[in-house]
Amino acid sequence: MGTERKRKVSLFDVVDDTSVSAKLGRAGINGGAAAAAANPSINRWNGRPYSARYFEILEKRRTLPVWQQKEDFLRVLRDNQTLILVGETGSGKTTQIPQFVLEAEGLSNRSMVACTQPRRVAAMSVSRRVAEEMDVTIGEEVGYSIRFEDCSSHKTVLKYLTDGMLLREAMADPLLERYKVIVLDEAHERTLATDVLFGLLKEVLKNRPDLKLVVMSATLEAEKFQGYFSSAPLMKVPGRLHPVEIFYTQEPERDYLEAAIRTVVQIHMCEPAGDILVFLTGEEEIEDACRKINKEVNNMGDQVGPVKVVPLYSTLPPAMQQKIFDPAPPPLREGGPAGRKIVVFNLKMCSTDFNSREYYVNIRKAMLSGYFMQVAHLERTGHYLTVKDNQVVHLHPSNCMDHKPEWVIYNEYVLTTRNFIRTVTDIRGEWLIDIAPQYYDLTNFPSCEAKRVLERLHNKRERERAANRS
Ligand SMILES: Nc1ncnc2c1ncn2[C@@H]1O[C@H](COP(=O)(O)OP(=O)(O)OP(=O)(O)O)[C@@H](O)[C@H]1O
Ligand SMILES: [Mg+2]
């Protein structure tokens with residue numbers, strides 16, 4: 001460890017003050033800071049005058065909910081080594097907080113701040129946005145680092161990187177000495193790399209009293225992080241960026257895609273100007289919806305305003321993804337109904353989280369809805385009988401279960417000396433009636449032991465329902 005530390009220190013020496021300023025010259029970081037201190041229209045990071053665009057974005061940034069708490073945040077950061085910050089999505093955590101950190105007292109102009117992201121695209125796109133907000137060139141003062149691509153330089157003071165990349169850096173630099181503040185973003189996603197970083201950073205913090213950690217999350221699970229980091233203070237950023245009103249359909253929809261399209265068209269016809277976002281589940285569905293919305297609106301002619309329907313999913317080329325920032329189309333004729341932009345994009349598929357007791361139950365139910373015909377029942381004789389075709393099957397010795405459940409679903413037979421089923425999981429008899437009622441219609445089900453068990457379950461449930469009603 002001793003020699004390792006020595007090596008690190010000498011590596012770090014390469015970028016000491018003198019060599020940096022020598023490389024950057026007078027207009028470099030230090031020169032920029034001095035000029036900026038004297039003149040607020042000079043960018044402290046590169047010594048250049050701010051562009052008009054900078055002030056335009058700044059105006060918008062100031063309306064973000066995290067700006068209400070900027071002073072509080074800086075105070076809590078100054079007084080604590082670790083802090084946890086929770087805020088609604090869009091409140092400005094990822095883009096603003098690392099910039100606030102850069103303004104923190106005690107951080108010299110050369111201290112580097114890292115902000116982790118679970119996804120490569122997020123690291124890239126958010127750093128670009130922040131470079132624009134800080135009016136600097138991407139890859140210089142603000143950069144990003146993802147696997148196979150390091151877009152940062154010796155000037156970089158704020159680096160967005162995937163959590164996996166920070167882990168890699170920690171292998172070569174166990175105390176992460178190049179950073180003064182580490183922001184772990186999207187902590188609620190609990191990716192493997194972020195989880196490992198939690199453990200690692202807890203140790204690093206003990207060894208580096210000068211290092212600070214900010215854990216950011218969009219959910220209130222933050223109490224758990226707080227417990228983990230010895231009761232670090234928790235800051236909650238109240239407020240959504242926009243008011244939200246929720247409407248539900250009265251009845252379950254048979255075809256949610258069709259219902260979504262109908263709703264979009266209805267909003268377009270009846271509601272005042274404003275964009276529409278539609279969340280769907282995949283690329284094909286998104287493209288299909290875009291086509292159908294365009295068709296429906298075109299059929300209405302000039303009764304309604306024109307629409308620009310934009311699909312958005314991760315495999316679209318970046319130039320296509322940028323289209324979501326295009327403005328809505330103008331009215332077809334002067335004084336005509338306003339145009340509207342409609343973005344149809346991918347819903348992040350999110351099931352109950354791992355900590356929930358329901359998590360594995362939900363997974364098994366989801367599998368059953370696909371494999372409801374491949375069910376075997378444990379008979380009193382001790383062997384399994386498939387429900388579909390009354391075949392005797394056996395659990396293969398290498399299956400993953402430690403018990404013999406009454407009901408199992410299986411993937412396929414492994415035919416050796418006997419009929420084996422190997423990829424299996426246990427399910428509950430009641431789920432068969434709930435999930436596949438057409439298939440498990442007991443009125444025309446062949447007589448067998450499984451049917452009698454299902455009938456008993458069915459009757460028991462009916463009795464319970466009747467008791468609840470009365
Ligand atoms: N690339 C971009 N172009 C234009 N505006 C952007 C861009 N990225 C972010 N913004 C604006 O900045 C605001 C704050 O975004 P930010 O990503 O910091 O929020 P967040 O709190 O991290 O949200 P989340 O919990 O979803 O990660 C957004 O509401 C949006 O208005
Ligand atoms: Mg974010």
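Heavy-atom basis, side chains included; hydrogens, waters and symmetry copies ignored. First listed ligand is number 1; within each ligand, the first listed atom is number 1. In this text, all values refer to a predicted model and were calculated from it rather than measured experimentally.
A salt bridge does not link Arg53 to Asp135: none of the charged side-chain nitrogens sits closer than 4.0 Å to a carboxylate oxygen. A salt bridge links Lys70 with Glu103; the closest basic N to acidic carboxylate O contact falls under 4.0 Å. Ion pair Arg262/Glu258 flagged as a salt bridge, since at least one NZ, NE, NH1 or NH2 atom sits closer than 4.0 Å to an Asp/Glu carboxylate oxygen. A salt bridge does not link Glu56 with Lys60: every distance from a Lys NZ or Arg NE/NH1/NH2 to an Asp or Glu carboxylate oxygen is 4.0 Å or more.
At a heavy-atom distance under 4.0 Å, only side-chain atoms of Leu64, from C-beta outward, approach ligand 1.
In terms of N/O distances under 3.5 Å, ligand 1 is not approached by Asp185. Residue-to-ligand polar distances keep Ala218 apart from ligand 1: every N/O pair is separated by 3.5 Å or more. Every N/O-N/O distance between Ser125 and ligand 1 stays at or above 3.5 Å. Between Lys93 and ligand 1, an N or O atom pair is found at a separation short of 3.5 Å.
Of the candidates Val130, Ile324, Thr94, Ile97, the one placing a heavy atom closest to atom 22 (O) of ligand 1 is Thr94.
Set against the non-hydrogen atoms of Glu186, the atoms of ligand 1 under 4.0 Å away are 27 (O). Every atom of ligand 1 is numbered from 1 in the order shown, and the set under 4.0 Å from a heavy atom of Thr95 is 14 (C), 15 (O), 16 (P), 18 (O). Those atoms of ligand 1 with a heavy atom of Glu88 less than 4.0 angstrom away are 21 (O). Close contacts of ligand 1 with Ser91, meaning ligand atoms under 4.0 Å from a residue heavy atom, involve 19 (O), 21 (O). Of all atoms in ligand 1, numbered sequentially from 1 with element shown, those under 4.0 Å from a heavy atom of Gly92 are 14 (C), 16 (P), 18 (O), 19 (O), 20 (P), 21 (O). Taking every non-hydrogen atom of Thr89 and a distance limit under 4.0 Å, the qualifying atoms of ligand 1 come out as 23 (O), 24 (P), 25 (O), 26 (O).
Counting all heavy atoms, side chain and backbone alike, Thr137 lies closest to Arg48 at OG1-NH2, 4.0 Å.
Formation of a donor-acceptor pair under 3.5 Å by the Thr194 side chain with backbone atoms of Arg190 is not found in this model. Not a single donor-acceptor pair under 3.5 Å links the side chain of Asn80 to the backbone N or O of Thr82.
Taking backbone and side chain together, Thr94 holds an N, O or S atom under 2.8 Å from the Mg ion (ligand 2).
Between Phe345 and Tyr313, the ring centre distance reaches or exceeds 6.0 Å. Annotation: Trp67 is in aromatic contact with Phe100 [ring centroid separation under 6.0 Å].
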